[in-house]
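Data block below; observations after.
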Amino acid sequence: MNTLYVELEERSYPIYIGEGLLGQLDIIKQHINGRQVLVVSNETIAPLYLENVVLQLETLGLESVDSLVLRDGERYKNTDTLNLIFTALLESRHNRSTTLIALGGGVIGDMTGFAAACYQRGVAFIQIPTTLLAQVDSSVGGKTAVNHPLGKNMIGAFHQPNCVVADTATLRTLPEREFRAGLAEVIKYGLISDAAFFEWLEANMQPLLDRDSKALAYAIEASCRNKAKVVGQDETERGLRAILNLGHTFGHAIETVQGYRDWLHGEAIAAGMVMAAELSVRLGKLTPGDYRRAKALISSAGLPVVPPASISESEFRAAMSVDKKVTGGGIRLVLLSGVGCAFITDDFDDNLLSLTLNGSNLTD
Ligand code: NAD
Ligand code: GLY
């Protein structure tokens with residue numbers, strides 16, 4: 001088992017990474033507040049892992065170990081489902097020192113975290129992420145939220161977990177497409193802040209795609225290390241943390257125009273990162289060689305490198321203008337000045353953005 005820390009003074013917490021950690025849940029005992037826990041999972045993950053998790057928690061000498069199984073899907077990430085969590089907590093008389101445990105992907109993690117942020121004005125929670133995306137991104141850093149009909153993740157809070165337990169063995173049951181979508185966020189860390197990790201990914205994509213446990217543990221550790229470093233410097237995204245959104249302004253626009261139906265989040269982010277790299281070349285900030293490396297790595301993970309041809313520039317612009325990353329009326333983008341070097345800007349030639357949105361090819 002490897003342990004990393006998110007350093008946030010009194011809210012610092014460990015991320016435990018390893019194969020088979022769901023069989024060693026005594027490691028979370030010290031992170032459970034009080035004597036009550038509620039494990040929140042969904043109908044897909046529960047049959048695979050919930051019984052074992054509950055059985056182990058029952059050996060920790062707690063007063064009560066409750067569980068709640070929610071419907072599976074992004075469309076249930078809303079205030080109605082949130083209310084089901086509050087109802088379960090109230091019906092089982094959970095007090096202010098209860099601990100919620102999220103067992104699942106980013107949807108379960110975000111909802112459980114937000115429920116913990118709100119219940120009785122804030123209780124503890126623990127993340128047990130079971131998708132690659134959740135192990136490298138959503139379980140770390142304390143962003144919690146539900147969706148509103150008018151916008152994704154628009155109702156939420158920053159609320160850090162007491163610990164994160166990433167068991168790489170859980171990734172074996174993850175559908176292939178979900179696994180590859182998670183790789184987009186892994187590649188993101190190499191692109192924004194870690195050239196050495198990017199090189200490692202170039203050399204190790206096949207073992208990762210084979211879900212080799214050593215390769216996975218290394219990639220998850222490097223990703224979490226990069227994310228923890230950024231979150232430790234800018235917990236509430238006043239500046240630097242926005243670099244974690246490389247490709248997201250383009251990617252969210254793809255998801256919005258498609259009505260969140262066709263592409264997975266990671267797939268949209270993959271194409272969005274290539275678009276950001278391409279615009280960076282047009283602006284003279286990134287070399288064509290680094291652009292080609294970024295595109296090749298994303299492609300080698302089996303991820304899309306161009307947006308759907310059906311999305312027009314005006315559809316892109318309309319969706320991009322309501323993205324959270326828009327400030328003061330202008331579009332703010334995360335761009336690249338090299339592999340491992342991201343920067344944030346709202347100062348760019350809008351005609352060059354049009355070329356990227358129109359899918360014009362780079363002539364390199
Ligand atoms: P998800 O939670 O919907 O999980 C994807 C699918 O895999 C689901 O059907 C789920 O039931 C299933 N699944 C999960 N673990 C499994 C396993 N081990 N075996 C088999 N099936 C399994 O999706 P996700 O990609 O994990 O997360 C996406 C969500 O994360 C979005 O709502 C997004 O907004 C959020 N997110 C949050 C942050 C953050 O910082 N908080 C960052 C990125 C994404
Ligand atoms: N996923 C982006 C962030 O945590 O800031």
Side-chain angles (χ1 to χ4, degrees), residues 1-8 10-33 37 39-41 45 48-62 65 99-106 108-109 112-113 116 124-142 160-174 178-179 182-183 185-186 189-190 194 196-197 200-201 204 207-232:
M1 177 175 83
N2 289 321
T3 308
L4 305 174
Y5 289 87
V6 181
E7 302 286 359
L8 289 167
E10 75 283 0
R11 280 166 294 103
S12 299
Y13 55 93
I15 305 169
Y16 302 113
I17 302 165
E19 166 101 12
L21 294 186
L22 283 196
Q24 306 166 38
L25 282 186
D26 48 322
I27 53 173
I28 68 170
K29 188 172 181 186
Q30 60 183 308
H31 304 292
I32 293 175
N33 280 16
V37 296
V39 185
V40 181
S41 194
I45 301 149
L48 297 167
Y49 304 112
L50 182 62
E51 189 184 347
N52 174 33
V53 166
V54 167
L55 280 175
Q56 287 190 67
L57 291 171
E58 282 172 349
T59 66
L60 299 183
L62 299 163
V65 178
T99 300
L100 273 58
I101 300 181
L103 175 67
I108 289 295
T112 307
F125 88 113
I126 287 171
Q127 290 270 19
I128 306 185
T130 61
T131 64
L132 182 57
L133 180 139
Q135 293 189 358
V136 300
D137 191 357
S138 62
S139 67
V140 175
Q160 302 293 342
N162 281 12
C163 75
V164 179
V165 180
D167 180 350
T168 54
T170 62
L171 302 182
R172 298 228 175 84
T173 53
L174 196 61
E178 295 286 353
F179 181 79
L183 286 174
E185 303 284 2
V186 173
Y189 296 110
D194 194 339
F197 180 45
W200 183 89
L201 288 169
N204 289 279
L208 274 181
L209 288 169
D210 296 340
R211 306 190 199 186
D212 171 81
S213 63
K214 272 203 183 123
L216 274 175
Y218 181 80
I220 293 164
E221 197 187 316
S223 300
C224 289
R225 197 185 328 110
N226 276 287
K227 180 152 187 184
K229 202 165 144 194
V230 173
V231 170

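No experiment lies behind these values; they were computed from the predicted model shown.
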Legend entry - For the student: nearest non-hydrogen atoms of A124 and A116, plus distance: O-CB, 4.1 Å

Legend entry - Inter-residue atom distance L208.CG - Y218.OH, 0.5 Å rounding: 11.0 Å

Legend entry - Contacts of T59 that satisfy side-chain contact (heavy atoms from CB on, under 4.5 Å) - sequence neighbours left out: none

Inset, instruction - Show the numbers, then the answer: is there a side chain to side chain contact (heavy atoms under 4.5 Å, CB included) between I28 and C163? - result: CA-CA 7 Å; I28 68 170; C163 75; 3.9 Å; yes

Inset, instruction - State, yes or no, whether a side-chain contact exists between L171 and I220 at a heavy-atom distance under 4.5 Å. - result: yes

Inset, instruction - Determine yes or no for a side-chain-to-main-chain donor-acceptor pair under 3.5 angstrom, with N204 supplying the side chain and P207 the backbone. - result: no

Inset, instruction - Flag yes if more than 12 heavy atoms outside E51 fall under 6.0 Å of its CD atom; otherwise flag no. - result: no

Inset, instruction - Would you check if V165 and I27 make a side-chain contact, meaning some heavy-atom pair closer than 4.5 Å? - result: yes

Legend entry - Check: Q160 side chain, G142 main-chain N or O, donor-acceptor pair, under 3.5 Å: yes

Inset, instruction - For residues V136 and C224, report the shortest heavy-atom separation together with the two atoms involved. - result: CA-SG, 4.2 Å

Inset, instruction - Give a yes or no answer on whether the side chain of S139 reaches the backbone of Q127 with a donor-acceptor pair at less than 3.5 Å. - result: no

Inset, instruction - Can you see which heavy atom on P14 is nearest to which on T3, and at what distance? - result: CB-CG2, 3.8 Å

Inset, instruction - Could you grab the distance from atom CD of E178 to atom OG1 of T130, nearest 0.5 Å is fine? - result: 10.0 Å

Inset, instruction - Determine, stepwise, if the pair I126 / I32 fulfils side chain to side chain contact (heavy atoms under 4.5 Å, CB included). - result: CA-CA 8 Å; I126 287 171; I32 293 175; 3.9 Å; yes

Inset, instruction - Please report the C-alpha distance between Y5 and I15 in whole Å, then the side-chain angles of each, then the deciding distance to 0.1 Å, and finally whether the side chain to side chain contact (heavy atoms under 4.5 Å, CB included) criterion is met. - result: CA-CA 6 Å; Y5 289 87; I15 305 169; over 6 Å; no

Inset, instruction - Provide the closest heavy-atom pair for A219 versus V186 in the form atom of the first, atom of the second, distance. - result: CB-CG1, 4.2 Å

Inset, instruction - Answer whether the closest heavy-atom distance between the side chains of I45 and L50 falls below 4.5 Å. - result: no

Legend entry - side chain to side chain contact (heavy atoms under 4.5 Å, CB included) between T168 and L21, worked out: CA-CA 8 Å; T168 54; L21 294 186; over 6 Å; no

Inset, instruction - Spell out, as yes or no, whether a donor-acceptor pair under 3.5 Å connects the side chain of Q135 to the backbone of D167. - result: yes

Legend entry - Donor-acceptor contact below 3.5 Å, side chain E221 vs main chain N2: no

Inset, instruction - Mind checking ring pair (Phe, Tyr, Trp, His ring centres under 6.0 Å) for F179 and listing every partner two or more places apart, or none if nothing turns up? - result: none

Legend entry - Least distance between heavy atoms, L8 atom then G232 atom: CD2-CA, 4.0 Å

Inset, instruction - Could you grab the distance from atom CZ of F125 to atom CG of N162, nearest 0.5 Å is fine? - result: 8.5 Å

Legend entry - Point-to-point distance, once rounded to the nearest 0.5 Å, from OG of S223 to CG of D137: 9.0 Å

Legend entry - Distance (rounded to the nearest 0.5 Å) between T99 OG1 and L57 CG: 10.5 Å

Legend entry - D194 side chain near Y189 side chain, heavy-atom distance below 4.5 Å: no

Inset, instruction - Please report the C-alpha distance between Y16 and H31 in whole Å, then the side-chain angles of each, then the deciding distance to 0.1 Å, and finally whether the ring-ring contact (aromatic ring centres under 6.0 Å, His included) criterion is met. - result: CA-CA 12 Å; Y16 302 113; H31 304 292; 5.7 Å; yes

Inset, instruction - List in chain and number order the residues that pass side-chain contact (heavy atoms from CB on, under 4.5 Å) with T131, two or more places apart in sequence or in another chain; answer none if no residue qualifies. - result: L133, A134, L174

Inset, instruction - Taking Q56 for its side chain and D26 for its backbone only, find out whether a donor-acceptor pair lies under 3.5 Å. - result: no

Legend entry - Shortest non-hydrogen contact from Y13 toward V140: OH-C, 4.0 Å

Inset, instruction - Evaluate the salt bridge (charged side-chain N to carboxylate O under 4.0 Å, His left out) criterion for residues K227 and E185: first the C-alpha distance (whole Å), next the side-chain angles of each, then the deciding distance (0.1 Å), finally the verdict. - result: CA-CA 11 Å; K227 180 152 187 184; E185 303 284 2; over 6 Å; no

Inset, instruction - Determine whether V164 and P129 make a side-chain contact, defined as any pair of heavy atoms from C-beta on separated by less than 4.5 Å. - result: yes

Inset, instruction - Quick one: pull up CD1 in I128 and CG in L25 and give me the separation to the nearest 0.5 Å. - result: 5.0 Å

Inset, instruction - Would you check if L100 and V37 make a side-chain contact, meaning some heavy-atom pair closer than 4.5 Å? - result: no

Legend entry - Pairwise side-chain contact, I101 with T112, heavy-atom cut-off 4.5 Å (strictly under): no

